[in-house]
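Below is one structure, written out as structure tokens; comments come after it.
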Amino acid sequence: MTTNIPSGGGSTPAGNSDQPLYEAKRRVFAKKVEGRFRNFKWLILAVTMAVYFVTPWLRWDRGEYAPNQGVLLDLASRRFYFFPIEIWPQEFYYVAGLLVMAGFGLFLITSAVGRAWCGYTCPQTVWVDLFIAVERFFQGDRNARMKLDSSPWSFDKIWRIGATHLTWLLISVATGMGWIFYFGNAPSVFVKFFTGELPFVAYGTVMVLTFTTYAFGGLMREQVCIYMCPWPRIQAAMLDEQSLVVTYNDWRGEPRTRGAKKAAAAGLPVGDCVDCNACVAVCPMGIDIREGQQLGCITCALCIDACDSVMDKIGKERGLIAYATLEEYDSNMNLATSNRTTSIQPEKVRNADGSFSDKIRHFDWRIIFRPRTLLYIGAWSAVGLAMLFLLFTRERLDVNVLHDRNPQYVMESDGSIRNGYTVRILNMMPQPRTIRLSIDGLPNAVMKINGYPENKGQVYDIPVKPDEATALKVFVTLPKADVSSQAEEMRFIVEDPENGERRVYKAVFNGPGVKK
Amino acid sequence: MSEKHIDELSGVETTGHSWDGIRELNNPMPRWWVWTFYACIVWALAYTVVYPSWPGLTTNVKGYFGWSSRGQLATELTEAQATKAVYLEKIAATPVADILKDEELNRFATAGGAAAFKVNCTPCHGSGAAGGNGYPNLNDDDWMWGGSIDEIYTTITHGVRYTDDAETHASEMPVFGDILSPEEVKQVAAYVYSLSGGAPSDAALVEPGKALFADNCASCHGEDAKGLKDFGAPNLTDAIWLRVDGSEAGIAGQVTKPTHGVMPAWTARLGDTTVKELAVFVHSLGGGQ
């Protein structure tokens, strides 16, 4: 690490014993920047926004007995639909598995490419990016915004600021509404939202999300990341020496100077940094990356784009600010400072013709595949494959049996013994089916089901409703001659004769001889 | 801490606390954070105005809207009653036998009947409706007063030997100890015992017992001794014994000096709708015909 340890933005210099109680108020006016990382971020913004807003509108045909919304969280019926997959509450372990995968995924991404989640895909980052674009559209770029901010109130200022906030609010309302579409049929929820037919909780959700989007994206921005979010602390703890982080390579940048030619003429050592402050101006977090890796840095890499374009202009090699691992940075730093015995000496990292020395270490992509990340990839894949296996082999038919306990058995007038069971047949397919329910293990027993007047012996064909559990009160009667002194083992079998799905439940038949 | 400690690396003041040489940085908080704190205090004060809060000597401040958890429960119960009322009205308007044909109504009535049974019937019939000595088991297929849904409904409505109800099931078994000699009682008991497959103590008693049965008992219990539900006369040929343990001596005791069960008429207490629900529930227990 460099001389700077994470601190929440501006800290008082060492030796000042009168540290203020409160952090000074800062305004961040991020400057527009162009470059490959900026383009990549626009792409991610478009994709994530599209996923968020479009997903609930995608349709998926499940037949007439199930909703046709691609992704739907049906809380009232306790069903979760994800395209061809339908999850019942008792299958919630799939969600647990997804959370485990998210955890390992976070470990993997963070150990390999640092705080990429923060810098690219975090909703806070994406929405702030969008809000800054809106701000820029109405108020102009950094300098214009700073000027407008310090100018007295005028019609021009009012309409520009007002339009900005109004647009933010509209985006916030859309964001809030986008959320509730996941919990109901999106087109009808959309219509009902305006006719006032939705339950209060829907409007409450939209209000809360509108407020948080507006406040976090428009007003608080970097404050959310620095003071409210636990993620940066967790992620920072998961970085190691081989993790890629946005790094100011001071081993080639220092000593920085604005008058390079004059300094060179005077025989002073000159680094690549021309102290143009482009990296600071574009930073949405308002930090100076040249102070080193710090908590405020979300590694959005916009400073890399800014610095690269400056390096291009002055004819120097790109990468003064670059993604680098701490290991290669340290190695290069040691080279430039003779193992930290001197200040940075630019000539140590360069050949006589000004090109970089061969001893400079550059990023090697193979560093991503080290034991730690391979372990994460393995764990992530193992959980994922196990879930896929479970998903593709799971049955869409199940049976639960609850044995009557009070009374444990009933003697009929002919001396035969009857046991009662509540049998629940779970048809998890969105089609009505006819399920064959049978008993096995008691050859002379007779099964009787409430609501099915005719006695069919041991096999019944039960019509079950689509995507529902059907509860049956089942009585099994064993002739007196067959009743033994022990609890008899028996089985309830449900099967779909059409596709061969079959589930078995092991049950017990009690009689008078059974001592409990 | 008299002396302030400044962290060498970050230049930030520490809290002065040291754990194994590790010190905590004391970075200044942003001002909005403290405003959030004040907002929470204001919220808390407003909360005490809106909701019941400050304690007094005899009662507490009721809050602007007079909300209470008991009041909320009452509201929710009223709402639940309103939801149930739809079904209850339908049950009231439907003949009990037709309730069985309506799947939804049947399910509602069975659940309601189960709840009413737990409160009103378990003291005698047991929580599993399995009865006990003198109290019939309602799960089995043996019915003294009939096991069809209508018959069960009638029995619950008017009760058994319940003097306050004119239509109650009233018949009683005579005290045969006054009519038959002890020897004759033994003969009848031996015959009845043999009907359900028992081997009497003296096989010679069976023949005269059969003749005595035809003269004295068949009028109620039937020629075949399978009982007549009009009189509530139980089937004597089956495996189920209500008032006696099914032994020869037990049968003789019941013949000599019979005991009888009594059940209240329930409609006056519970109302017709609940009685219908109870009938549906009892019918669902497995013995319903």
Side-chain angles (χ1 to χ4, degrees), chain A residues 1-26 215 219-220 222-223 226-228 291-292 294-295 404-421 448-451 453 465 470-471 473-477 480, chain B residues 3-14 25-36 100-101 103 106-107 110 118 122 125-132 137-143 147 196-197 226-227 234-241 246 280-281 283-289:
Chain A
M1 279 279 159
T2 63
T3 54
N4 229 311
I5 289 296
S7 74
S11 54
T12 50
N16 182 357
S17 58
D18 288 324
Q19 179 166 291
L21 267 177
Y22 301 110
E23 177 74 46
K25 193 178 175 187
R26 299 176 308 146
L219 309 178
M220 298 186 65
E222 80 287 347
Q223 301 281 309
I226 294 172
Y227 294 104
M228 292 169 67
E291 288 171 4
Q294 54 201 285
L295 185 140
D404 281 3
R405 294 178 176 201
N406 182 13
Q408 287 195 332
Y409 63 87
V410 171
M411 188 172 73
E412 298 279 41
S413 54
D414 62 359
S416 59
I417 297 298
R418 196 185 81 206
N419 276 215
Y421 306 85
K448 190 171 156 268
I449 302 178
N450 268 3
K465 288 179 183 163
T470 305
K473 187 73 205 175
V474 174
F475 298 103
V476 176
T477 306
K480 191 179 182 180
Chain B
E3 217 171 297
K4 289 192 174 172
H5 177 265
I6 306 295
D7 179 61
E8 298 81 10
L9 279 171
S10 59
V12 175
E13 198 179 302
T14 70
L25 295 181
N26 190 17
N27 275 308
M29 293 302 288
R31 212 170 272 274
W32 63 261
W33 194 277
V34 81
W35 283 114
T36 311
L100 298 184
K101 293 170 194 159
E103 194 191 331
N106 189 0
R107 200 163 57 222
T110 308
K118 289 274 187 293
T122 49
H125 289 287
S127 60
N137 184 344
L138 305 176
N139 294 280
D140 63 32
D141 61 347
D142 191 28
W143 301 92
S196 52
K226 289 198 170 169
N235 183 345
L236 303 175
T237 65
D238 65 18
I240 296 170
W241 296 92
V280 170
F281 170 68
H283 187 263
S284 80
L285 288 173
Q289 291 157 358

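First the proteins, then the strands, lettered A, B, ... as listed; each starts at 1. Both backbone and side-chain heavy atoms feed into the values below; hydrogens, waters and symmetry mates do not. Here the structure is a predicted model, which means the values were calculated and not measured.
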Minimum heavy-atom distance between B:N139 and A:P407, given as atom pair plus value: ND2-CG, 3.5 Å
Interchain contact, A:K480 with chain B, by part (heavy-atom threshold 4.5 Å): neither
Side chain / backbone / both / neither for B:L285 at chain A, heavy atoms under 4.5 Å: backbone
Leading residue by heavy atom contact count with chain A [cutoff under 4.5 Å; candidates B:G197, B:P30, B:A130]: B:P30
Atom pair CG/CE of B:D142 and A:M411 - distance to nearest 0.5 Å: 9.0 Å
Closest-packed option against chain A by number of heavy-atom pairs under 4.5 Å, given B:V34, B:N106, B:T237: B:V34
Minimal non-hydrogen separation, B:W32 against A:Y227, with atom names: CZ2-CB, 4.0 Å
Heavy-atom pair with the smallest gap, counting every atom of B:P28 and A:E23: CB-N, 3.6 Å
Residues in side-chain contact (heavy atoms from CB on, under 4.5 Å) contact with B:K101, at least two apart in sequence or another chain: B:D98
Atom NZ of A:K473: over 12 foreign heavy atoms under 6.0 Å: yes
Donor-acceptor pair, side chain of B:D141 and main chain of A:E412, under 3.5 angstrom: no
Heavy-atom pair of closest approach, residues B:S127 and A:N406: OG-ND2, 2.6 Å
Residues in ring-ring contact (aromatic ring centres under 6.0 Å, His included) contact with B:F281, at least two apart in sequence or another chain: B:F117
